[in-house]
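A, B, ... follow the sequence lines: proteins, then strands. Residue 1 opens every chain.
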2 protein chains.
Amino acid sequence: MADLPLTELDAFAAVAQARSFRAAAKLRGASASSLSDALRRLEERLEVRLLNRTTRNVSLTEAGARLLERLRPGLAEIEAALDGVNSFRDTPMGRLRLNVPGVVARFVLPEIAARFLARYPDITLDVATNDAFVDVIGEGFDAGVRYEESLQSDMIAIPIGPRTQSYVGAAAPSYIERFGVPDHPRDLLQHQCILHRFSSGRVLPWSFEEEGREFTILPPARVIGETSDLEVAMAVAGHGIIFTFSEFLAEALKQGTLVPVLAPWTQSFSGPFLYYNSRRHMPAPLKAFIEFLKTENRRGS
Amino acid sequence: MADLPLTELDAFAAVAQARSFRAAAKLRGASASSLSDALRRLEERLEVRLLNRTTRNVSLTEAGARLLERLRPGLAEIEAALDGVNSFRDTPMGRLRLNVPGVVARFVLPEIAARFLARYPDITLDVATNDAFVDVIGEGFDAGVRYEESLQSDMIAIPIGPRTQSYVGAAAPSYIERFGVPDHPRDLLQHQCILHRFSSGRVLPWSFEEEGREFTILPPARVIGETSDLEVAMAVAGHGIIFTFSEFLAEALKQGTLVPVLAPWTQSFSGPFLYYNSRRHMPAPLKAFIEFLKTENRRGS
DNA sequence: ACAGCCTGTTCGGAATTTCGTACAATGGCC
DNA sequence: GGCCATTGTACGAAATTCCGAACAGGCTGT
C-alpha cells in the first residue's frame, strides 16, 4: 500500500473548508504555519496546485475542489469508525459540541450538564453560544438548542430543560419614579426601552398576545445591547424598560433593583429543544446525551 | 472538528491487515518500532485495546475488528480521492504494483516496461514475482499477470506480451551421451528429470498432447528446483532432462550447452493476460498501463 | 524437552514536523 | 486613493516522531 499523506490531506481538508489558514488552525488547535507547511508538502508531492491563495483570500482550484469533494466522505467515515470503538468502552468518551442560545447556556445547561458530566466522566462538553445561528450541523456541531420547532428534514427535536419559559417586563424603581408604569404594551411607545440586537444585526421586536391575537411592538430605545447581561445592568441603572427571559431578571427582581412591569402581559412559550440530524452518524457522546435527556424527561413527567 | 489521529489509524490498518508489525513495516517502508509506537498512542488515546499481541502472534480484538472493518473503506476512499488529482496532471503519476510469474518478469515485462516507462516518466513500476498466487487484488496489487483465463467475477483480462508461448524439452549433450534421448513422453519414466516446485509446495507435472488428447506425466526426478535459473543450470550440468518455457532455454540451446529433446512434443499455449478488477477504483497508473497495452495490441495486430 | 529463530517492545540518537515570530502583500474602509 | 488591519508564508528553535539495535518471550521443529 502506497503510504498516504494523511496528515497533509487532513490539513488540506481543514483549510479548504474554512477557506482560511488561520481560521482552520484555530478550529483545530494547530498553528497556521504547520498547515501552510503541510499544504506545501502535499502540493509538491502531487505536483498539482490545490489552493489558489492570495494573502487575503483562499480559493479552491478545480483539482482542489474535486479532491475535497471526494475526501470529505472518506474522512467522515473514518471519524465515524473511530467513534465506533466507543461502544467497546464501559463509558463513552469524546467531545460533545453544542451550539446553544445565551439563555440556555446560562440558566438551563449548567444544571443539566452537572448531572450529565457526572454520569459520563469521559465526555467533554464544548459549548458555543450563538443566538442567531440556524445551520447548526453544517458547522461542525453535534447538535444545537433552539426554540422554534423549525422542521428541517431529518432533524429530530427533543425537549431539554424547562417546558415553559416566559418573557417578562421590568424596570428600575428609579425609572418608574420618573416615567410611571405602562398599563398596556401600546404605552411602551411613550417609554424608553432596552432592546436586543442579534449578531445578525436584527433588532428583536417585542411580541404580545391579546385575546388570542398576537401583535408586535418595536418600542423607542435609548439602549440597544448585544448581551443580555449588559441590558439587565442598563435596566438596573434606570435607563429603561426591559423585556426578556424571566431568568435573566430573576435575581434583580428578587433584590428589588428591578420591579415587574406589564406583569399581565407576560409572554409564555414552550421551552427549548435539542436538535440533531438523524441521518448523520451519531457520535457516542451525542448518543449518550440524547439517552440522558430522554430518561430525564421520562422521570420528570 | 476533533483532530483525527490519522497516522495512528493508518498504522493500525496496516498492522491489522498484515497481522504482523514487521510485515506491515516492510510492506510500507517504515520501521516496526514506529508502528508499535503508533499503536500504543492510539490505544492509549482510545483507552481500548485493539490488537491482542503475544510476541509471536497478532490478532484483532473485537473492537479492533470493528474498527478495521469501518476504517478500510474510508482509507480506500481517500486513496481513490488522492489518485483523482492525477487527472489534473498532464501525465499520470504514482506507483503501478504488479504481481507476475517469473517468466513474465524475466522475458516479457522488461521489453514492455521499457516503452511504458519512457511514455509515462512519472510512473514507478513495482513488480512482485510470484507463480502461485491467485488473489492478486486482495494483497494490495493493482493487477496481476497470469496464464489461465480463470474467470473470477468482475475480473477483466487483456493480452500482454507474446500471444503464444511453449514448453520445450532439452538436455545437456553429456546427459544424452550417457542415457540417450526419449522418443515419446512415456520414455521419460526411464530418465532423470529436473522438476519445478511452486512456492505452494506443489510439484508441477509435465503435460503433453497426443492426437488431441492431453495427458500428464510426473517423471522421476533427481533434482527439484524452485527457481528456473537453478533448474537450467542443473540441466546444463547434465543432471537430467528439463521441460520448461522456451525462453529460459533459448540461450543455452543457442550456445549448445543444451540440445532439444522431444522436439515434436513441444507444448504451445496462449500467452499471458493482465488481470484487474473492473469494480475497484482504478488508479491512474493502472489506467495508463491498460490504455498502453490496448494500443500496443491494436498496433501489433 | 529444548534450542533456536523470530516476534513485539524498549531505548537513545537522528530526522522531521510543529510552533512562534517577523514580514510582505492585499483588500476593506473611510 | 491611501491607510491599516489581517492574511499567508519564511525561518530558526523546540517538540515530536521515527529509526536501528538490543532485549525478552514464545512458537516450531527435532
Legend entry - For atom CD of E44(A) and atom C1' of dT9(D), their distance in whole Å: 13 Å
Legend entry - Between P of dG8(C) and CG of D37(B), the distance in whole Å: 14 Å
Legend entry - Short side-chain N/O contact to dT17(D) OP1/OP2 from S34(B), under 4.0 Å: no
Inset, instruction - Confirm from the modelled atom types if S33(A) and dG20(C) form a donor-acceptor pair under 3.5 Å, side chain to base only. - result: yes
Legend entry - Residue pair D122(A) / R89(A), side-chain heavy-atom distance below 4.5 Å: yes
Inset, instruction - Classify the nucleic acid contact of N57(B) as base, sugar-phosphate or nothing, counting any heavy atom under 4.0 Å across all strands shown. - result: nothing
Inset, instruction - Taking only the side-chain heavy atoms of R53(A) (C-beta and beyond), determine which of dT18(C), dT9(D), dC19(D) contains the nearest atom. - result: dT9(D)
Inset, instruction - Figure out the CG/C1' separation between L42(A) and dT9(D), and round it to whole Å. - result: 17 Å
Inset, instruction - Indicate, with a heavy-atom threshold strictly under 4.0 Å, whether R22(B) touches base, sugar-phosphate, or nothing. - result: base
Inset, instruction - Considering non-hydrogen atoms only, spot the tightest contact between P285(B) and L96(B) and give its length. - result: CB-CB, 4.1 Å
Legend entry - Flag side-chain contact, heavy atom, 4.5 Å: L98(B) against V145(B): no
Inset, instruction - Look only at the side chain of R28(B) and the backbone of A25(B), and say whether a donor-acceptor pair between them is shorter than 3.5 Å. - result: no
Inset, instruction - Round to the nearest Å and state the distance from R49(A) atom CZ to dG8(D) atom P. - result: 13 Å
Legend entry - Proximal nucleotide (of dC19(C), dT17(C), dC19(D)) relative to the R41(A) side chain: dT17(C)
Inset, instruction - Figure out the CG/P separation between L35(A) and dG8(D), and round it to whole Å. - result: 10 Å
Inset, instruction - Pick base, sugar-phosphate or nothing for A30(A), based on heavy-atom distances below 4.0 Å to the nucleic acid. - result: sugar-phosphate
Legend entry - Electrostatic pair E62(A):R66(A) at N-O distance under 4.0 angstrom: no
Legend entry - d(NZ, K26(A); P, dG8(D)) in whole Å: 11 Å
Inset, instruction - In whole angstrom, give the distance that lies between atom CG of L50(A) and atom C1' of dG8(D). - result: 16 Å
Inset, instruction - Under 4.0 Å between any heavy atoms, over every strand shown, what does S20(B) touch: base, sugar-phosphate, or nothing? Just pick one. - result: sugar-phosphate
Inset, instruction - Measure the distance from CZ on R40(A) to P on dC11(D) and round it to the nearest whole Å. - result: 10 Å
